[in-house]
Amino acid sequence: MEISAKELAALCGGTVEGDENARVSDFAKIEEAAEGDLSFISNPKYAHYAATTKASILLVGQDFDAPKKMESTLVRVADPYSSLALLMRMADQAKPRPQGIEQPVAVGEGSSLPDDIYLGAFSYIGKNVKIGPGAMIYPQVFVGDGCEIGSHSILYPGVKIYAGCRIGQRCIIHSGAVVGADGFGFAPVEGHYEKIPQMGGVIIEDDVEIGANTTIDRATFGNTVIGRGTKLDNLIQIAHNVRVGSDNVFAAQAGVAGSTRIGNRNRVGGQCGFAGHISIGDDNEFGAQSGMHTNVGNRQRLMGYPAVEVMQFARNTVNIKRLAEFLAGQKRNKK
């Protein structure tokens, strides 16, 4: 879609510096932008590109110090990054959406499909499935018996939803994700392991996004739950009976062991691991590759394995680097 600087400013609550009739029709990184592109500056380390960028319009903060010579028109806003996100969502929503039921597909008895569904070729819908209005189910998706898919949710190609799982409204599930596989439950019996049937389900609440090849296991009893607004990156493992609260973000390759409880608004770095049967509070930050083995309260910043407070982790890292020098000094002192 094409839009002018004046229209952009009105949408974002900003002000224009330069040509209010300058127009853009695409987005680009500031160092690669060309005429007709919209870019932005949120991080100060990219500010020097303002003097050389070819972008027609730049979204910048209210306190941005513009260079004397620049080609771009500025739109000053309170938060360039959130304004860019708003505009990108609008552009994405303006794209034509796929519609209708392609062939071949399989739909089981007792399943209800909305009139406006998109159902891609080679997808399979089991028996007694309920799908809400505006849902989009791409090719080669499997939805098992008795599942519920909320309105305006999107299941991208190759998603697998096992029987009895519930997906909320406006959820996005990316290719290869598996929801509802058996939890990892086995009982040691006379030198071997007997499988414990996993008889529970999975509940994905509204506005959740699940990345490619992420797996969320069904509960032994009850439900594994992913709370409203939580965002899971690619290649994440959520084990059986885990309960994740609302508005959490997990980076790639994180893993949560069984029956752990995670609160709200936590930020989890890549490759973090959470032991089973522990409780995590609200508003915490966990650095990449951190390992949590015990309960964590609220509003903590932890890093390391096992995880410690961030400043303590930094001090420990410095001391480890000095360890060889310290040991060498100890040897000299013994002589």
Side-chain angles (χ1 to χ4, degrees), residues 92-93 95-184 195 197-242 244:
D92 185 63
Q93 291 166 3
K95 294 178 181 177
R97 69 185 293 274
Q99 294 180 337
I101 299 176
E102 300 173 352
Q103 294 298 330
V105 298
V107 180
E109 294 180 3
S111 291
S112 59
L113 307 181
D115 293 337
D116 61 350
I117 192 173
Y118 167 62
L119 190 57
F122 300 100
S123 52
Y124 177 95
I125 308 298
K127 298 177 182 179
N128 301 312
V129 173
K130 297 179 181 179
I131 300 179
M136 293 193 291
I137 297 177
Y138 279 77
Q140 298 182 331
V141 168
F142 173 90
V143 179
D145 295 349
C147 287
E148 296 181 16
I149 309 296
S151 62
H152 302 287
S153 286
I154 302 172
L155 277 57
Y156 281 108
V159 167
K160 305 295 186 286
I161 311 294
Y162 282 36
C165 295
R166 290 157 50 191
I167 310 298
Q169 300 180 72
R170 298 175 301 279
C171 292
I172 300 172
I173 305 181
H174 289 279
S175 294
V178 178
V179 176
D182 281 357
F184 194 64
K195 182 177 178 64
Q198 304 294 291
M199 303 177 69
V202 175
I203 296 174
I204 309 295
E205 295 183 352
D206 297 344
D207 301 302
V208 170
E209 184 158 351
I210 299 171
N213 294 320
T214 282
T215 54
I216 302 172
D217 290 346
R218 70 175 54 249
T220 308
F221 307 117
N223 291 289
T224 302
V225 179
I226 307 298
R228 179 196 55 76
T230 284
K231 316 299 182 186
L232 303 179
D233 198 358
N234 303 329
L235 295 165
I236 287 172
Q237 159 67 4
I238 305 294
H240 59 184
N241 291 95
V242 167
V244 177

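Small disclaimer: the values here were computed from a predicted structure and weren't measured.
In this structure, CD1 in Ile149 is found 11.0 Å from CG in Leu113, a value given to the nearest 0.5 Å. Between the OG atom of Ser153 and the CD atom of Gln169 there is a distance of 7.5 Å, given to the nearest 0.5 Å. Expressed to the nearest 0.5 Å, how far CZ of Arg170 lies from CG of Asp207 amounts to 4.0 Å. A distance of 12.0 Å separates CD1 in Ile117 from CD in Gln99, rounded to the nearest 0.5 Å. One distance of note links CD1 of Ile203 with OG1 of Thr224; it measures 9.5 Å at 0.5 Å rounding. Asp206 CG to Arg228 CZ: the interatomic distance, rounded to the nearest 0.5 Å, is 8.5 Å.
Here the shortest heavy-atom pairing between Phe184 and Asp217 reads N-OD2, 4.3 Å. Taking every heavy atom of both residues into account, Ala121 and Val105 meet most closely at CA-CG1, 4.2 Å. Counting all heavy atoms, side chain and backbone alike, Val129 lies closest to Gly126 at CG2-O, 3.5 Å. The shortest non-hydrogen separation linking Asn128 to Ser111 is N-OG, 3.2 Å. When all heavy atoms of Arg97 and Met136 are compared, the closest pair comes out as NH2-CG, 3.0 Å. Pro133 and Pro114 make their closest contact through CA-CB, 3.7 Å (heavy atoms, listed as atom of the first residue, atom of the second, distance).
Checked by atom type and distance alone, the side chain of Asn213 never pairs as donor or acceptor with a backbone atom of Asn234 at under 3.5 Å. Side chain of Asp116 to main chain of Gly134: a donor-acceptor pair is present (N/O by atom type, distance under 3.5 Å, no hydrogens or angles). Distance alone, capped at 3.5 Å, places no donor-acceptor pair between the Thr220 side chain and the Gly200 backbone. A distance-only check finds a donor-acceptor pair linking the side chain of Arg218 to the backbone of Ala163 [under 3.5 Å]. In terms of modelled atom types and a separation under 3.5 Å, the side chain of Thr214 and the main chain of Leu235 share a donor-acceptor contact.
Note: Phe142 and Tyr124 have parallel aromatic rings, judged against thresholds of 30 and 60 degrees for the angle between ring planes. Relative orientation of the His174 and Tyr156 rings is parallel, given thresholds of 30° and 60° on the angle between their planes.
The environment of NZ in Lys130 is sparse: at most 12 heavy-atom neighbours from other residues, nucleotides or ligands sit within 6.0 Å. Other residues, nucleotides and ligands contribute over 12 non-hydrogen atoms within 6.0 Å of the CD atom of Gln103.
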TODO: Take Ile131 and Leu119 through the test side chain to side chain contact (heavy atoms under 4.5 Å, CB included) and record every step on the way to the result.
DONE: CA-CA 11 Å; Ile131 300 179; Leu119 190 57; 5.7 Å; no

Open item on the list: Run Ile125 and Ile137 through side chain to side chain contact (heavy atoms under 4.5 Å, CB included) and show every step you take.
Closed with: CA-CA 10 Å; Ile125 308 298; Ile137 297 177; 4.1 Å; yes

- [ ] For side chain to side chain contact (heavy atoms under 4.5 Å, CB included), just list the numbers for Val143 and Ile167, CA-CA rounded to whole Å, side-chain angles, deciding distance to a tenth of an Å, and then say yes or no.
- [x] CA-CA 11 Å; Val143 179; Ile167 310 298; over 6 Å; no

- [ ] Begin with the C-alpha distance, continue with both residues' side-chain angles, and end with the deciding distance and a verdict on side chain to side chain contact (heavy atoms under 4.5 Å, CB included) for Ile216 and Leu232.
- [x] CA-CA 10 Å; Ile216 302 172; Leu232 303 179; 4.0 Å; yes

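At least one side-chain heavy atom of Tyr138 sits less than 4.5 Å from a side-chain heavy atom of Pro98. In this structure, Ile204 and Ile173 have side chains that are not in contact, with every pair of non-hydrogen atoms separated by 4.5 Å or more.
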